[in-house]
Amino acid sequence: MPKKTVGLMGCGTIGAHLAMALDSGSVANASLTSLFDIVDGNARDLQTRLKSKPQVYHNFDRFVNSPADIIIEAASQQAVKNFGKRIIESGKDLMVMSVGALADTTFLAELLQLTQLKNGNSKIYVPSGAIAGIDAIRSVRYLADSITLTTKKSPKALAGAPFFTTRSVSLENITRVTEIYEGSAAEAVKLFPANVNVAAVLSLAGIGVEKTKVRILADPEATTNQHEIVATGSFGEIKIRVNNVTAPGNPKTSFLAVLSAIECLRSICEDGMRIGS
């Protein structure tokens with residue numbers, strides 16, 4: 001296969017891990033050629049740590065027109081909303097890390113329509129993220145009566161979420177496992193955009209963002225990010241639990257999310273297998 005060139009949008013903790021993997025040759029048949037971050041210093045700092053010295057772009061228009069076959073979004077849900085359409089319109093593939101943006105079904109439909117207008121030349125890839133068993137969820141999606149995701153994290157991993165701006169919940173005062181949220185995945189990804197992108201992944205694979213239920217627990221004793229999926233229906237019951245160590249430098253994100261993105265990219269670049277579109 002021809003070598004794939006990669007552009008990275010978002011040069012924080014997650015983006016840095018992905019860039020290091022590409023720079024070290026962990027993903028065969030791929031090279032990192034361009035970096036973009038709205039905080040210019042982030043891209044510059046990352047560039048200095050990379051042997052390949054990818055080009056840093058200060059302007060998104062120049063970045064999106066850079067010689068990259070696929071752009072990895074590792075920034076935020078808002079970045080996906082702001083730039084996703086333009087990436088697809090440029091004819092490039094897009095890997096989305098902030099999958100919560102795709103919980104907006106209207107926006108997702110618009111993105112997919114753009115890929116069709118490009119005659120299938122552009123593809124959207126969605127890594128499985130910090131959960132497991134997505135293949136099983138896909139297989140029962142039409143037979144499932146309910147799918148619930150229960151996420152348990154330490155209070156410090158949940159701090160700063162928009163949820164707390166309108167709720168009188170004091171994370172500092174939590175001394176035992178406490179449920180702080182229960183509702184739909186559609187709402188959860190808006191209230192906890194840095195914590196439950198997995199809810200969007202699960203919804204896309206399963207019964208949708210409105211029917212998928214999410215519970216979020218704060219546990220002051222938690223040393224991992226735990227995600228438990230329970231799916232029930234005429235097929236029986238599926239239970240999946242994953243306990244993830246956090247990504248170094250970012251307690252809000254599970255290291256598995258980074259590893260899944262690396263594996264997704266490896267599949268695209270090494271054997272061309274389409275993970276999601």
Q.
Check this for me, if you would: do E182 and K213 make a salt bridge, where the nitrogen-to-carboxylate-oxygen distance has to be below 4.0 angstrom?
A. no
Q: With the side chain counted from C-beta on, respond yes when F107 and L102 share a heavy-atom pair under 4.5 Å apart, and no when they do not.
A: yes
(Q) Between T232 and S146, does the side-chain hydrogen bond (donor to acceptor under 3.5 Å, both in side chains) criterion hold? Intermediate values first, please. (A) CA-CA 5 Å; T232 62; S146 68; 2.7 Å; yes
Q. Counting N and O atoms only, with roles assigned by atom type, does the side chain of E73 sit under 3.5 Å from a partner on the main chain of M95, one being a donor and the other an acceptor?
A. no
Q. Can S203 and E210 be said to form a side-chain contact (heavy atoms from CB on, under 4.5 Å), step by step?
A. CA-CA 8 Å; S203 299; E210 297 296 341; over 6 Å; no
(Q) So, using salt bridge (charged side-chain N to carboxylate O under 4.0 Å, His left out) as the criterion, who are the partners of D104 when residues are at least two apart? (A) K81
Q: State plainly whether one hydrophobic cluster holds both I207 and V209, where clusters connect Ile, Leu, Val, Met, Phe, Trp and Tyr through side-chain heavy atoms under 4.5 angstrom apart.
A: no
Q: Dump the intermediate steps for side-chain contact (heavy atoms from CB on, under 4.5 Å) on Q77 and V189, then the final yes or no.
A: CA-CA 9 Å; Q77 291 184 25; V189 298; 4.2 Å; yes
Q: Using atom types as modelled and distance alone, determine if a side-chain donor or acceptor of T212 lies under 3.5 Å from a backbone N or O of G208.
A: yes
Q: State the CG-CD1 distance between L114 and I87, to the nearest 0.5 angstrom.
A: 11.5 Å
(Q) Check E228 with K239, please: is the shortest side-chain N to carboxylate O separation under 4.0 Å? (A) no
Q) Are more than 12 heavy atoms from other residues, nucleotides or ligands located less than 6.0 Å from atom OH of Y142? A) no
**Q.** Over all atoms of both residues, closest heavy-atom pair of P251 and A157
**A.** O-CB, 3.4 Å
Q: Indicate if V39 and I71 have the same hydrophobic cluster label, given that clusters are the connected sets of ILVMFWY residues with side-chain heavy-atom separations under 4.5 angstrom.
A: yes
(Q) Are the side chains of V6 and I72 in contact, using a 4.5 Å heavy-atom criterion? (A) yes
Q.
I'd like to check the ring pair (Phe, Tyr, Trp, His ring centres under 6.0 Å) partners of Y57; sequence neighbours left out, ordered by chain and number.
A. none
Q. Judged by atom type as modelled, is there a donor-acceptor pair below 3.5 Å linking the side chain of K156 to the main-chain atoms of L171?
A. no
Q. Does any non-hydrogen side-chain atom of K211 lie less than 4.5 Å from one of I147?
A. no
Q. Do you know the tightest heavy-atom contact between A231 and I137?
A. CB-CD1, 4.0 Å
Q: Begin from the C-alpha positions of L46 and L8 and carry the test side-chain contact (heavy atoms from CB on, under 4.5 Å) through to its verdict.
A: CA-CA 11 Å; L46 179 56; L8 178 64; 4.0 Å; yes
Q. Where the side chain of R141 meets the backbone of A136, is there a donor-acceptor pair that is under 3.5 Å apart?
A. no
(Q) Taking the side chain as everything from C-beta on, heavy atoms only, tell me whether P162 gets closer than 4.5 Å to P193. (A) yes
Q | Reported OG-to-NZ distance for the pair S90 and K85, which is rounded to 0.5 angstrom | A | 14.5 Å
**Q.** Option among N225, D219, N244 that satisfies the side-chain contact (heavy atoms from CB on, under 4.5 Å) test with K153
**A.** N225
Q: Spell out, as yes or no, whether a donor-acceptor pair under 3.5 Å connects the side chain of D23 to the backbone of S52.
A: yes
(Q) Within the 4.5 Å heavy-atom criterion, are L149 and T151 side-chain neighbours or not? (A) yes
Q: With the side chain counted from C-beta on, respond yes when I238 and I229 share a heavy-atom pair under 4.5 Å apart, and no when they do not.
A: no
Q | Flag, side chain of T115 to backbone of L112, donor-acceptor distance under 3.5 Å | A | yes
Q | Closest non-hydrogen atom pair between P127 and V96, with its separation | A | CD-O, 3.3 Å
**Q.** Nearest non-hydrogen partners of S128 and I134, listed with the distance
**A.** CB-CG1, 4.2 Å
(Q) Between H58 and R44, is there a side-chain heavy-atom distance shorter than 4.5 Å? (A) yes
Q. Relative to each other, are the rings of F63 and F36 parallel, tilted or perpendicular (30° and 60° limits)?
A. parallel
Q) Of the non-hydrogen atoms in A218 and L158, which two are nearest, and what is the gap between them? A) CB-CD1, 3.9 Å
Q: State plainly whether the residues E263 and R266 are in salt-bridge range, i.e. N to O under 4.0 Å.
A: yes
Q. Roughly how far, to the nearest 0.5 Å, is CD1 of I262 from OG of S26?
A. 6.5 Å
Q. Would a 4.5 Å heavy-atom cut-off, applied to side chains only, mark T253 and T246 as touching?
A. no
Q: Identify the two heavy atoms, one from P54 and one from S34, that lie closest to each other, and give their separation to 0.1 Å.
A: CB-N, 3.8 Å
(Q) Can you pull out every ring-ring contact (aromatic ring centres under 6.0 Å, His included) where at least one residue sits in residues 167-186? Sequence neighbours excluded, please. (A) Y181-F192
Q: Take E172 and S170 through the test side-chain hydrogen bond (donor to acceptor under 3.5 Å, both in side chains) and record every step on the way to the result.
A: CA-CA 5 Å; E172 296 81 4; S170 176; 3.2 Å; yes
Q | Short side-chain to backbone donor-acceptor contact, S122 and I88, under 3.5 Å | A | yes
Q. Between atom OG of S154 and atom NZ of K152, what is the distance when rounded to the nearest 0.5 Å?
A. 11.5 Å
Q) Are the side chain of S260 and the backbone of V258 linked by a donor-acceptor contact shorter than 3.5 Å? A) no
Q.
So does M20 get a backbone contact from the side chain of S24, meaning a donor-acceptor N/O pair under 3.5 Å?
A. yes
Q | Nearest-0.5 Å distance, CD of residue Q55 to CZ of residue R62 | A | 10.0 Å
Q: Consider only side-chain heavy atoms of I, L, V, M, F, W and Y, link residues closer than 4.5 Å, and tell whether L259 and L18 are in one cluster.
A: yes
Q.
Please determine whether residues L143 and I240 belong to a single hydrophobic cluster, defined as Ile, Leu, Val, Met, Phe, Trp and Tyr linked transitively by side-chain heavy-atom distances below 4.5 Å.
A. yes
Q.
Please tell me whether T5 and T33 have a donor and an acceptor in their side chains that are separated by less than 3.5 angstrom.
A. no
Q: Kindly determine whether R241 and Q226 satisfy side-chain contact (heavy atoms from CB on, under 4.5 Å), including the steps that lead there.
A: CA-CA 7 Å; R241 177 183 291 178; Q226 182 183 100; 3.8 Å; yes
(Q) Measuring from atom CD1 of I216 to atom CG of L191, what distance do you get when rounded to the nearest 0.5 angstrom? (A) 8.0 Å
Q) Side chain of N42, backbone of I38: donor and acceptor closer than 3.5 Å? A) no
Q: Please answer: with hydrophobic residues joined when any side-chain heavy atoms are less than 4.5 Å apart, are F163 and V177 in the same cluster?
A: no
